[in-house]
Amino acid sequence: MNSPSAPRADPQSGPGASPVPYGLRVAAAVSWRLLVVAAALTVLGFVATRLASVVVPVAVALLLAGLFSPAVTWLAARKVPRALATAIVLIVGIALAGGVVTFVVITVTVGMPALIDQVTVSLTDLHTWLRAGPLHLSQGQLDQALGNLTAMLGRNKSVIASGALTTAVTVGELLAEALLTVFCLIFFLAQGNPIWAFLIRGVPTRLRERVDIAGRSGFTTLAHYVRGTAAVAFVDAAGIGLGLVILGVPLAAPLSTLVFLGAFIPVIGSVLAGGIAVLVALVANGVWTAVIVLAVVVGVMQVESHVLQPLLLGRAVRLHPLAVVLALAVGLVTAGIVGALLAVPLLAVFSSGVRSLTTRPESDSPAGTAHPADPDDRAPDPATDDVHAAPEVC
C-alpha cells in the first residue's frame, strides 16, 4: 500500500539552514532581478530620450525598410544590382510621396476659400442661434465674450510668437531627421544583411544562430506589420474619402490623406482623423451630413477591426488587444505621437524575437520566423561571401 506523499520540504531545511524563510528568499531573489531589469530599461529609455533625434529616424527607416524591401528583393531576383534596385525603389517612392503632397496642397489651396466662406456662414448662424435660441444671450454679452477672447490673445501674443519660432526650429530639425532617415534607409535596403552580420558578431558563437533566427523573425514580423498596416490605412482612406466625395464635403482629399496617416497609430489614429472629417462636415455641410459621415467612419472602423486587422495582421503580429492598448498608452505618455507610432511595432518585434528564442530549435518556428537553413536567409559570412551581394534585407 502506497503511503501518502509527504509535503515538499524546504530545500535548505535542516541543521545550519538560513533563518530566513524559503518563500521570502525566493521573493527577494526575484525582486532584485526585477530591479536590475527595471534599471536597465530605465537607462535604455534615458539614452533613447537623449538621442531621440537619432533613434527616431533610424526606427522610421527600419519601418520603411520593411515596407520597401519586397520591391528591392523582387528587382534583385531579376538580376538588377541591389544598389540600382534600391535607387529605383527610393526614387519611385519619393516621387509618389511628392505627388501626393502636391495634390493635397493644391486641393487645400483650391478648397480653403470655399471652406472659409462656409465657416463664416456657420458662425453667423451660431451667432443668431445664441441670440434667438434657448440661451437668449444679449448682444452685450456676446460682445463681452468676444472682447475677453481678444484680450486673452493679446496677453498671450508673446507665447504665440515664441511658439511660431519653436515651430520654425522644429521644421529645421524635422528636415535634418528626414535626411538622416533617407540615408539610413538606403543602407538598410542595399546592405541589410552585411549590417546584420556585423551586429551579431558580438554575440557568443554558441548563441549566434539562435540570435540570428530571432533577429530575422523580428524583422519579418516588423515587415508584415508595416505592410499590413499600410493596406489597412489605404482601405480606411479610400472608404472614408469616397464617402466624403459622395456627400460633397470639402477638402476630401486632404482628409483622406490624414486618415491614411492616422491609421499607422493603432486604435486612436483613425478615430481622431475620422473625427476631424466629421467636424469639417458639420461646419461645411450641416448636422445631417455630419451624422452620415460619422456613420461612414464607424462602418469603416468596424470593417477594419473585424475583417482587415485579423486577416492582414493577426497571424503575422499575434498581439493581444490588451497588449496593443497598453503599449500604445505607454508610448503616448512617454514620447507623444512618435511613441504611439513606434510602440506597437516595437512590441511586435520584441514578442516575435522572444518567441523565437524560447522555441526549441528542433520544433517548428512560429509564423513569421525566417529559417536560417535557407542559404539566402542566412547572414553572409564575411570570410567566404561577398558582403556586397546580400540577397535580402536583414
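All values below were derived from every heavy atom in this structure, side-chain atoms included, with hydrogens, water molecules and symmetry-related copies excluded.
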Let me have the donor-acceptor pairs involving side chains of residues 33-59, under 3.5 Å, with sequence neighbours excluded, atom names and distances please.
from	atom 1	to	atom 2	distance (Å)
R33	NH1	A29	O	3.1
T42	OG1	A38	O	2.7
T49	OG1	G45	O	2.7

Throw together a table of side-chain donor-acceptor distances under 3.5 angstrom for residues 245-265, partners on residues two or more places apart or in other chains.
from	atom 1	to	atom 2	distance (Å)
S256	OG	A252	O	2.8
T257	OG1	A253	O	3.0

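Cluster partners of V333 are absent, since no Ile, Leu, Val, Met, Phe, Trp or Tyr has side-chain heavy atoms less than 4.5 Å from it. Through chains of ILVMFWY side-chain contacts below 4.5 Å, L322 is grouped with L326. Hydrophobic clustering, defined by side-chain heavy atoms of Ile, Leu, Val, Met, Phe, Trp and Tyr closer than 4.5 Å, leaves L272 isolated from every other such residue. Through direct or relayed side-chain contacts under 4.5 Å between Ile, Leu, Val, Met, Phe, Trp and Tyr, L346 connects to no other residue.
Hydrophobic clustering, with ILVMFWY side chains joined whenever heavy atoms are under 4.5 angstrom apart, keeps V354 apart from I213. Under a hydrophobic clustering in which Ile, Leu, Val, Met, Phe, Trp and Tyr are joined whenever their side-chain heavy atoms come within less than 4.5 Å, directly or via other members, L199 and L222 fall into the same cluster. Two different hydrophobic clusters hold L179 and V182 under the rule that ILVMFWY side chains link at heavy-atom gaps under 4.5 Å. Hydrophobic clustering places W74 together with L64 (ILVMFWY residues linked when any side-chain heavy atoms are closer than 4.5 Å, directly or through intermediates). Following chains of ILVMFWY side-chain contacts shorter than 4.5 Å, one can reach F183 starting from V60, so the two form part of one hydrophobic cluster.
Side-chain contact between F198 and P194 is absent, with no heavy-atom pair separated by less than 4.5 Å. In this structure, the side chains of M301 and I240 come closer than 4.5 Å at one or more pairs of heavy atoms. Between R216 and D212, some side-chain heavy-atom pair lies under the 4.5 Å cut-off. Residues V349 and P345 fail the side-chain proximity criterion, which asks for heavy atoms closer than 4.5 Å.
Applying the ring pair (Phe, Tyr, Trp, His ring centres under 6.0 Å) rule to F350 yields no partners; only residues at least two apart in sequence or on another chain are considered. Annotation: side chain to side chain donor-acceptor pair (under 3.5 Å) contacts of E177 (sequence neighbours excluded): none. Legend: residues meeting side chain to side chain donor-acceptor pair (under 3.5 Å) with T181, ordered by chain and number and at least two apart, are absent. Looking at residues two or more places apart in sequence or on another chain, you find a side-chain contact (heavy atoms from CB on, under 4.5 Å) between L67 and V226, R227, A230. Every residue two or more places apart in sequence or in another chain was checked for a side-chain contact (heavy atoms from CB on, under 4.5 Å) with I94, and none qualifies. Considering only residues two or more places apart in sequence or on other chains, V80 meets the side-chain contact (heavy atoms from CB on, under 4.5 Å) condition with L75, L84, A85.
In this structure, CD in E304 is found 4.0 Å from CG in D236, a value given to the nearest 0.5 Å. Separating the CD1 atom in I186 from the CG atom in L189 is a distance of 8.5 Å, to the nearest 0.5 Å. How far OG1 of T86 is from CD1 of I91: 10.5 Å, rounded to the nearest 0.5 Å. Atoms CG and CG, from L328 and L347 in turn, are 11.0 Å apart once rounded to the nearest 0.5 Å.
Judged by distance alone, the side chains of R355 and S351 do bring a donor and an acceptor atom under 3.5 Å apart.
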- Message: Is there a side chain to side chain contact (heavy atoms under 4.5 Å, CB included) between L185 and F68? Walk through the geometry before answering.
- Response: CA-CA 9 Å; L185 178 61; F68 293 147; 4.0 Å; yes
- Apply the test side chain to side chain contact (heavy atoms under 4.5 Å, CB included) to residues V72 and R82: give CA-CA distance (whole Å), side-chain angles for both, the deciding distance (0.1 Å), then the verdict. CA-CA 7 Å; V72 176; R82 195 167 186 88; 3.9 Å; yes
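The minimum heavy-atom distance between F219 and L62, with the atom names listed, is CE1-O, 4.4 Å. Across all non-hydrogen atoms, the minimal contact from R201 to R208 is O-NH2, 3.3 Å. Here the closest non-hydrogen pair linking V211 and W196 is O-CZ2, 3.7 Å. Annotation for V89 and A71: closest pair CG2-CB, 3.8 Å, computed over non-hydrogen atoms.
A donor-acceptor distance shorter than 3.5 angstrom exists from the side chain of S352 to the backbone of S217, with no hydrogens or angles considered.
A 6.0 Å sphere centred on CZ of R78 holds more than 12 heavy atoms belonging to other residues, nucleotides or ligands.
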